[in-house]
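Just so it is clear, the values below take in all heavy atoms, side chains as well, and ignore hydrogens, waters and symmetry mates. All residue numbers in this chain count up from 1 along the given sequence.
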Amino acid sequence: MSLATGQGWTAAPAPATGSAQVDAKRIIDADREPGSWMSTGRTYDEQRFSPLAKITTRNVKDLGLAWSYRLDVDRATEATPIVVDGVMYVTGAFSILSALDPVTGAELWKFDPKVSRDKGRDGCCDVANRGVAVWKGKVFLGAYDGRLIALDSKSGKPLWVTDTTPDKTRSYTVTGAPRVVNGKVIIGNGGAELGVRGFVAAYDTDTGKQLWKFFTVPGDPRYPPESEAMKRAKATWTGDNFWKFGGGGTVWDSMAYDPDLDLLYIGVGNGSPWNRKLRSPDGGDNLFLSSIVALKANTGEYVWHYQTTPGDTWDYTATQHIILAELTIKGQPRKVLMQAPKNGFFYVIDRASGKLLGADKFAKATWASHVDLKTGRPVENPEADWANVKEPQLVYPGPIGAHNWQPMSFSPLTRLVYIPSNEAPALYTPNNEQRFTGRGAWHLGMPPVDLPEDAKTLKDVLGLFKGSLLAWDPVAQREVWRQPYPYINNGGVLSTAGGLVFQGTADGRFLAYSADKGSRLWDVAANTGVIAAPISYEIGGEQYVTVAAGWGGGAPLVLGAVSSSGDVGSEARVLTYKLGGKATLPAPRPRPTALPEPPALTADAAMIDKGRALYNGHCGMCHGPSTVGSSVLPDLRYLTPDKHQIFAGILAGAFAPQGMPSFMDVLTAPDVDAIHQYIIKRAHDLKKERAEEATR
């Protein structure tokens, strides 16, 4: 079987029991079979609420591990499992899909799309996958390298493959879960920081043929716009630079669908580059960046949009989870759309018209004072416009956002939205001279992320980053309760009819809270950071709670130790619990603490400065800024003597099959030497810090 058709299928040891004969009626009527979880948000409205109630606030203390399943790659595990017709479908890093028995965890079949392990250089935020869609006996998988693959739900055998990537010279990736609407499987893409043009497209579920495509930002002005929407968008961009950078606006995660209105809602991401002065020098809203866009589901035709951050310059994507619900606002029932995007404001929007009904801060946000409800526009703080000031600006939130991709949940019982929230600032400094330099390179219009190198200042910086689980009243626009966490980047959320809210954490726990008051009722070790959202299902009268656990994602890679204590590694597993469960997890793998003796430092100060800049520009996005790594990929201060000896070879691609790509298309031999010397210097720094700590 060739790679183009989906190499990597492993036959089931026994036939799978399910057929995944899911259609629109089953999803719309999901509450009639509450034991299933048939789409990524369970229902088209994406509320992530389970009507199951056998696990309650009174007996949740008796919840124990029923089974666990080891995933293939210990990297970012972000998927929401699908459970239908007696089978669980769950993905891990590099888009590897497993079909499991939901009662025992036994593997039924596995499909590995064989994504090239050095493809990770083309993405911003780890080699993650957020799950699959099922429809009429097929399972649809968006592979990290851009392929959309249809598989037979019983056997895992590939049925068709479509390459969604329009330009192989650009860094397109796919990490999101597809949705299926009216016989069309819909998927977007990622890669805005690395220079792509965003779009969302629909494909025929039977053949993989593209049926429609909606671009989110205008393209090369030498060619006519693809639609009236693109003609409208072009008028909001200036200069002749944005299209060379691709423009951004990727639809890399959230979607929701209203079958009554037949409207598909998509969340659109940031611009390429972030810096709006570089991207669009004479201003403009830059449609449809950082927007929620409503499309006709059958044709992809534009209906309305709401832009959460006009002319975004902070990476304030609107790709965060979209929830549809019915709320009573000012005494009137309203069909609404709700979102808590990165920018720190919670939006309630009429989903038929796009009219803004409410917008208030749910987290610390210094970039704007408020949103004008008459105009729908934020009132920006002029000092936060970092591209137009000389001094670096500390802005809340930073690119991690007040809420990132981790799904929130709405309970129709409490009428509350449960948000995995962050307090995570950034120091923005402009680089208004950056130019597009090709595939695999970050284009931010600012210097790369770095961290202080002295221990005290670094500790002070780490103290600025905090997480929480927030219960938010979307009608009153107020906080009801909050559970604080010491770290950002905690997991997605599930609420249930048993009065519970479930969430995993960055420091390796899985917890349950009372949905009304936020009381902590259950807390178990997961042996790894948890970032994905849990689900609940029922088989044979037994209710289960499942979460795909595995540390990784953008925050640990790009921010290194800012995202967690570093004590929790990544051990990717599916963890499934039930009342009275007696299974156990193996002891967590110990984190390496012994520091190998680093080589002698031979560089002068100028070479170290050069190495620092090159490291942060090319290495820090995965191995942590200023060599302060997370526990996902190696902290390079701990390089062993044999790795130091072959350092140049590593950067030349010696470990490409293991996921470390070559960088010799952008680095010279002297560059490699400078990076190596900087890493050696930082290893000596760490050795000195430890000696001083021992003395104290």
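Contact annotation: the side chain of V174 approaches that of I187 to within less than 4.5 Å [non-hydrogen atoms, C-beta and beyond]. Residues Y306 and K355 fail the side-chain proximity criterion, which asks for heavy atoms closer than 4.5 Å. Residues N270 and L289 are not in side-chain contact: their nearest non-hydrogen atoms beyond the backbone lie 4.5 Å or more apart. Between I186 and M255, the closest side-chain pair of non-hydrogen atoms falls below 4.5 Å. Using a 4.5 Å heavy-atom threshold, the side chains of Y89 and S153 count as touching.
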Carefully, step by step, assess R334 and D350 under the rule salt bridge (Lys or Arg N to Asp or Glu O under 4.0 Å). CA-CA 7 Å; R334 302 295 293 261; D350 184 294; 3.0 Å; yes
Evaluate I531 against Q406 for side chain to side chain contact (heavy atoms under 4.5 Å, CB included), listing each step before the verdict. CA-CA 7 Å; I531 49 179; Q406 286 91 336; 4.0 Å; yes
Check step by step if salt bridge (Lys or Arg N to Asp or Glu O under 4.0 Å) holds for D220 and R222. CA-CA 5 Å; D220 189 335; R222 294 175 296 179; 2.5 Å; yes
Checking side chain to side chain contact (heavy atoms under 4.5 Å, CB included) for the pair M338/H321: CA distance, chi angles, key distance, verdict? CA-CA 8 Å; M338 298 182 287; H321 186 193; over 6 Å; no
Side chain to side chain contact (heavy atoms under 4.5 Å, CB included) between F346 and I419, intermediate numbers included: CA-CA 10 Å; F346 188 95; I419 309 169; 3.8 Å; yes
Begin with the C-alpha distance, continue with both residues' side-chain angles, and end with the deciding distance and a verdict on side-chain hydrogen bond (donor to acceptor under 3.5 Å, both in side chains) for S495 and S409. CA-CA 6 Å; S495 59; S409 176; 2.7 Å; yes
Audit row: D45, R351, salt bridge (Lys or Arg N to Asp or Glu O under 4.0 Å) steps and yes/no: CA-CA 11 Å; D45 54 27; R351 66 177 186 259; over 6 Å; no
Apply salt bridge (Lys or Arg N to Asp or Glu O under 4.0 Å) to residues D312 and K342 and explain how you reach the verdict. CA-CA 11 Å; D312 174 34; K342 280 188 181 181; over 6 Å; no
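Cation-pi geometry between R279 and W274 is not met: the NZ or CZ atom fails to fall both under 6.0 Å from the ring centre and inside 45° of the normal.
A salt bridge is defined here as a Lys NZ or Arg NE, NH1 or NH2 lying under 4.0 Å from an Asp or Glu carboxylate O, and R170 with E193 fails to meet this definition. A salt bridge links R276 and E380; the closest N-O separation between the charged side-chain nitrogens and carboxylate oxygens is under 4.0 Å. Here D163 pairs with K168 in a salt bridge; the nearest charged N to carboxylate O distance falls below 4.0 Å. The existence of a salt bridge linking D85 and K154 is excluded, since no basic side-chain nitrogen approaches an acidic carboxylate oxygen closer than 4.0 Å. The existence of a salt bridge linking R179 and E46 is confirmed by a sub-4.0 Å separation between a basic side-chain nitrogen and an acidic carboxylate oxygen. Under the 4.0 Å criterion applied to side-chain N and carboxylate O atoms, K25 and D23 are not assigned as salt-bridge partners.
Relative orientation of the F245 and H443 rings is perpendicular, given thresholds of 30° and 60° on the angle between their planes. A tilted orientation is assigned to the rings of W237 and F242, their planes being inclined by 30° to 60°. Taking the six-membered ring where the residue is Trp, Y144 and F94 present perpendicular rings, their angle passing 60° and hence far from 30°. By the 30° and 60° cut-offs, the orientation of the rings of F214 relative to F288 is tilted. F199 and F215 have perpendicular rings, their planes meeting at more than 60° on a 0 to 90° scale where under 30° would count as parallel. Aromatic ring pairs are classed by plane angle as parallel below 30°, tilted from 30° to 60° and perpendicular above 60°; the pair F362 and W472 is perpendicular.
Counted by atom type alone, R48 and T80 present one or more donor-acceptor pairs between their side chains at under 3.5 Å.
Without hydrogens or angle criteria, T299 side chain to E301 main chain gives a donor-acceptor distance under 3.5 Å.
Residues forming a side-chain contact (heavy atoms from CB on, under 4.5 Å) with E326 (at least two apart in sequence, or on another chain): K335.
The distance between the ring centers of Y418 and Y513 does not fall below 6.0 angstrom. Ring centers of Y316 and W367: under 6.0 Å apart, within the cut-off.
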